[in-house]
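Just so we're clear, the structure is a prediction, and the values are computed from it rather than from any experiment. Positions are given from 1, in the same order as the sequence printed here.
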Amino acid sequence: VLLEVYFKTMSYVDKKGVSGEDAKIHRIRITLTSRNVKNLEKVCSDLKRGAVDKKLKVSGPVRLPTKKLRITTRKAPSGEGTNTWDKFEMRIHKRLIDLHSPSEVVKQITAISIEPGVEVEVTIADQ
């Protein structure tokens with residue numbers, strides 16, 4: 001019973017706070033990183049579609065250069081025998097999306113289902 005009362009008062013406070021801050025426009029940068037390009041592009045298109053549906057000013061996704069993390073190691077564990085090497089590589093892809101909107105609208109846009117393996121970082125700055 002106490003929890004229900006607490007949540008009701010919090011929602012009341014939140015609604016009261018939204019009306020005053022609703023007019024303030026923020027510059028929001030969403031940074032997406034992933035090892036899987038297909039999942040990353042799907043999340044980018046979902047975010048952009050949601051922002052365009054809300055009639056927000058959107059720029060992006062900006063495709064940043066891919067980071068290639070490389071490890072070269074010997075195949076033989078003992079060091080004996082022919083000098084053969086294994087080369088392993090992990091590619092990290094990164095995208096940037098910039099929005100100009102109130103912070104409450106961004107909460108609605110970023111509530112989409114995010115594909116596994118995609119990391120999302122949201123940075124809010126005042127204009």
Side-chain angles (χ1 to χ4, degrees):
V1 176
L2 287 175
L3 290 176
E4 291 176 21
V5 173
Y6 175 72
F7 285 125
K8 288 179 184 174
T9 56
M10 287 302 293
S11 63
Y12 175 72
V13 170
D14 286 342
K15 287 179 185 173
K16 192 174 181 183
V18 167
S19 61
E21 193 179 318
D22 196 22
K24 189 159 187 166
I25 301 291
H26 298 287
R27 187 178 61 84
I28 294 142
R29 175 164 283 176
I30 301 172
T31 306
L32 304 161
T33 56
S34 177
R35 291 183 287 159
N36 188 344
V37 180
K38 189 175 179 181
N39 290 350
L40 184 65
E41 290 295 332
K42 184 178 183 313
V43 172
C44 283
S45 63
D46 290 347
L47 282 172
K48 186 159 184 170
R49 189 179 319 111
V52 169
D53 289 345
K54 301 266 185 198
K55 295 183 175 43
L56 300 178
K57 184 179 175 189
V58 183
S59 64
V62 176
R63 290 159 180 86
L64 297 178
T66 303
K67 291 183 184 175
K68 296 179 184 176
L69 306 177
R70 293 188 179 118
I71 293 177
T72 305
T73 182
R74 286 282 305 269
K75 281 187 180 180
S78 63
E80 300 273 329
T82 310
N83 292 342
T84 54
W85 298 85
D86 269 333
K87 296 175 185 171
F88 299 100
E89 181 176 277
M90 181 170 66
R91 295 179 181 203
I92 299 174
H93 307 275
K94 197 171 191 177
R95 305 285 187 265
L96 292 179
I97 298 175
D98 286 332
L99 302 172
H100 296 280
S101 70
S103 58
E104 279 70 30
V105 175
V106 174
K107 290 178 187 175
Q108 295 170 3
I109 293 170
T110 55
I112 63 165
S113 64
I114 294 172
E115 297 289 319
V118 178
E119 296 178 24
V120 179
E121 182 182 327
V122 179
T123 307
I124 300 175
D126 294 328
Q127 271 189 331

- line: One should read off an interatomic distance between Leu40 CG and Thr33 OG1, to the nearest 0.5 angstrom, of 7.5 Å
- request: Rounded to the nearest 0.5 Å, what's the gap from CD1 on Ile114 to OG on Ser34? Could you check?
  value: 11.5 Å
- prompt: For Thr66 and His93, does a side-chain donor sit closer than 3.5 Å to a side-chain acceptor?
  reply: yes
Judged by atom type as modelled, is there a donor-acceptor pair below 3.5 Å linking the side chain of [X] to the main-chain atoms of [Y]?
X     : Y      : answer
Thr73 : Asp86  : no
Thr82 : Thr84  : no
Asn39 : Pro116 : yes

- prompt: Taking Thr31 as the fixed residue, which of Leu64, Val62, Leu96 is the one that meets the side-chain contact (heavy atoms from CB on, under 4.5 Å) rule?
  reply: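 Only one option passes, and that is Leu96.
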Shortest non-hydrogen contact from [X] toward [Y]:
X      : Y      : value
Leu32  : Val43  : CD2-CG1, 4.1 Å
Trp85  : Asn83  : CD1-O, 3.8 Å
Ala51  : Leu99  : CB-CD2, 3.7 Å
Leu56  : Ser101 : CD2-CB, 3.4 Å
His100 : Ile25  : C-CG2, 3.9 Å

message: Take a 6.0 Å sphere around CD1 of Ile71 and say whether it holds more than 12 heavy atoms from other residues, nucleotides or ligands.
response: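 12 or below, so no.
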- prompt: What do you reckon, is CZ of Arg35 surrounded by more than 12 foreign heavy atoms closer than 6.0 Å?
  reply: no
Given side chains that start at C-beta, do those of [X] and [Y] come closer than 4.5 Å, heavy atoms only?
X     : Y     : value
Arg63 : Pro61 : yes
Val37 : Arg95 : yes
Lys87 : Glu89 : no

- prompt: Should Asp46 and Lys42 be marked as a salt bridge (charged side-chain N to carboxylate O under 4.0 Å, His left out) after you check the CA-CA gap, both sets of side-chain angles, and the distance that decides it?
  reply: CA-CA 6 Å; Asp46 290 347; Lys42 184 178 183 313; 3.2 Å; yes
task: Check the pair Glu115, Glu41 against side-chain contact (heavy atoms from CB on, under 4.5 Å), reporting the backbone distance first and the verdict last.
output: CA-CA 10 Å; Glu115 297 289 319; Glu41 290 295 332; over 6 Å; no
